[in-house]
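Here the structure is laid out as structure tokens; the discussion comes afterwards.
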Amino acid sequence: MNALPIIIGALCVIAISYRYYSAFIAAKVLALDDSRPVPSQTMFDGQNYYPTNKWVLFGHHFAAISGAGPLIGPVLAAQFGFLPGLLWLVIGVCLGGAVHDFMIMAGSVRRKGKSLAEMARTEISPLSGLVAGVAILFIVVIALAGLGLVVVSALAESPWGTFTVGFTIPLALFMGLYMYRFRKGKIAEASIIGIIGLLFAVWLGGRIAESSLAEPFTLSRNTLIVIMAAYGFIASVLPVWMLLCPRDYLSSYLKVGTIIFLIIGVIVVAPNLNMPAFTPFTAGGGPVIPGKLYPFVFITIACGAISGFHALISSGTTPKMIAKETDTRMIGYGSMLMEGVVGVVALIAAASLFPGDYFAINTAQGTDAQKAAYAQLVSTHSGEEFNLQPREIDQLEAESGEKNLRGRTGGAVTLALGIAKIFNGIPGLGGLMKYWYHFAIMFEALFILTTIDTGTRVARFLVGEFGGRFYKKLEEPNWLPGSVITSALVVAAWAAFIWSGSIRTIWPMFGIANQLLAAVALCVATTIIMNSGKAKYAWVTLVPLTFVSTTTLVAGFKSITDIFWPLVQNQETSTQGLINTSLTAIIMLAAAVIMIDSIRRWVGTRNRPQMTQTPEPLFEKSV
């Protein structure tokens with residue numbers, strides 16, 4: 001099937017969703033009001049609470065939420081065929097993910113920028129707040145470690161990517177000083193400087209990689225972990241306007257620019273989707289994802305359709321920088337729709353590869369046993385309708401400059417090849433496959449790294465809020481000693497996971513944990529609607545909540561019984577299986593407690609007399 005009608009159809013559905021559905025939520029469910037003061041005004045401190053231009057903040061927010069999920073998830077889900085992932089990406093993002101992000105962001109803005117855990121405590125109950133705080137902190141550390149591991153793997157021994165990503169840090173510092181100190185308010189000028197600097201960094205990185213200067217930028221895995229930890233700590237402590245916001249704003253140009261260019265490439269090249277709509281692995285037994293299509297396609301795609309991690313950003317840094325309430329529609333709902341588009345084009349890029357090449361890349365072949373299993377897989381599926389004999393793998397290796405593409409699991413290499421093939425097919429841009437491939441690898445690393453800095457800051461807020469119960473000063477986000485202590489604790493936690501490599505034993509849980517966190521956030525959003533006296537609109541969040549919670553709990557149960565527990569029975573993998581089984585069960589239990597507590601709250605709210613108007617905001621209507 002040709003990709004052209006797919007990309008056009010997806011864009012039309014997403015555009016209609018933003019035009020009408022988000023407007024309905026903004027007007028009827030939330031009743032956004034620009035006369036209502038926001039935390040960036042009432043709690044302005046020049047560091048964490050800072051009114052920010054909506055376009056700059058859109059760039060920051062999109063850069064913060066768009067990590068590995070929308071890129072890698074759809075690529076791995078292509079194992080089931082292109083249609084299941086496509087349907088979930090488009091439907092899920094319009095009715096679930098964008099609603100989830102929008103509701104949590106608006107709720108946090110009206111509650112002094114409080115975190116998801118704090119909103120769970122005040123809106124549902126102290127028990128839910130405590131359980132959510134512990135679960136969220138655990139999940140965000142796992143998420144940061146998982147994302148960091150992908151970045152380390154992508155940049156290790158890669159001078160081009162390392163230089164380009166590193167160059168964005170001093171460039172962002174200069175942009176921050178330019179916009180807020182040297183030429184205050186001159187966002188357009190700073191943007192032009194940033195774009196030129198970014199393109200220069202990409203070009204110069206390629207030159208450095210081919211010169212004698214490549215050695216200083218060819219860093220080992222452990223060195224990159226130390227550097228990334230130092231960056232995460234510094235970005236978490238510095239004022240948001242100085243590094244975090246301008247760097248994410250700058251990175252968003254590369255992200256959005258590449259995605260737009262990729263959409264144009266799909267329209268111009270109109271590649272064929274060589275992966276069928278459904279593969280035989282929908283019934284299970286696939287080499288990439290061991291489970292069946294339901295429920296595993298939903299937890300595999302994760303962030304591209306709905307992501308609980310976004311609730312941490314939407315109730316973390318972003319609401320503290322919102323300049324007016326109506327900005328939450330574009331930034332909350334719009335940014336998530338953009339991430340859905342990212343997921344769609346990533347799926348198209350992966351599905352454009354022949355099935356034989358896709359599975360040759362994504363099937364582990366490191367040991368003799370794995371090679372034998374792969375040979376058996378190819379032998380079993382060699383029919384006319386679904387043939388796993390490699391078609392272009394040797395040609396792709398030659399054109400990309402990679403010595404070996406077989407067994408490069410994880411999705412990053414597959415996506416880079418798909419992107420490079422599309423770019424290489426654009427008239428006038430052919431013959432540059434090697435450069436397109438390495439550009440795509442760098443793009444993926446930069447795409448993910450921007451989530452690390454914002455995620456670390458959000459986790460720092462969570463630790464501070466939790467520690468504030470024992471020492472009040474820790475709850476103050478602008479108290480420097482507290483910022484240093486909490487940032488150091490968070491960075492040490494996720495860096496230790498990456499350093500030890502043990503995150504690979506927990507990574508299968510990330511999809512489950514992420515989706516259950518989304519269910520928790522939707523519980524909070526539903527409770528906010530109920531508490532405001534608008535129970536008739538509760539279906540807006542209850543529909544996605546019902547689907548996400550049931551699907552993910554089933555996936556968690558299936559993962560424990562079919563994947564993790566069998567590992568416990570094997571002496572070599574017993575520790576890994578025990579950790580995965582225990583932690584998955586704990587996460588599921590925590591989510592179940594919050595869901596049950598929420599239902600109790602909803603029933604109590606419905607039994608009270610309905611309110612005739614929206615409650616007064618938590619702030620005075622004057623600054």
Report yes or no: do His61 and Thr318 form a side-chain donor-acceptor pair below 3.5 Å?
yes
Heavy-atom side-chain proximity of Phe278 to Leu83 below 4.5 angstrom:
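Counting from C-beta outward, Phe278 and Leu83 do come under 4.5 Å.
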Does the side chain of Ile65 come within less than 4.5 Å of Ser307's, by heavy atoms?
no
Spell out, as yes or no, whether a donor-acceptor pair under 3.5 Å connects the side chain of Thr279 to the backbone of Gln79.
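Pair found, side chain donor or acceptor close to backbone of Gln79.
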Arg406 backbone acceptor or donor facing Gln365 side chain under 3.5 Å
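No.
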Is it the case that over 12 heavy atoms from other parts of the model lie below 6.0 angstrom from the OH atom of Tyr18?
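Buried by this count: over 12 neighbours within 6.0 Å.
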The criterion is ring pair (Phe, Tyr, Trp, His ring centres under 6.0 Å); which residues satisfy it with Phe359, sequence neighbours excluded?
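Residues passing ring pair (Phe, Tyr, Trp, His ring centres under 6.0 Å) with Phe359: Phe281.
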With sequence neighbours excluded, tell me which residues meet ring pair (Phe, Tyr, Trp, His ring centres under 6.0 Å) with Tyr537.
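With sequence neighbours excluded, Tyr537 shows a ring pair (Phe, Tyr, Trp, His ring centres under 6.0 Å) to Phe24, given in chain and number order.
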For the residue pair [X] and [Y], categorise the inter-ring angle as parallel (less than 30°), tilted (30 to 60°) or perpendicular (more than 60°).
{"X": "His381", "Y": "Phe386", "value": "perpendicular"}
{"X": "Trp88", "Y": "Phe547", "value": "tilted"}
{"X": "Phe58", "Y": "Phe62", "value": "parallel"}

Phe80-Phe296 aromatic ring centre distance below 6.0 Å:
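That pair fails the under 6.0 Å test.
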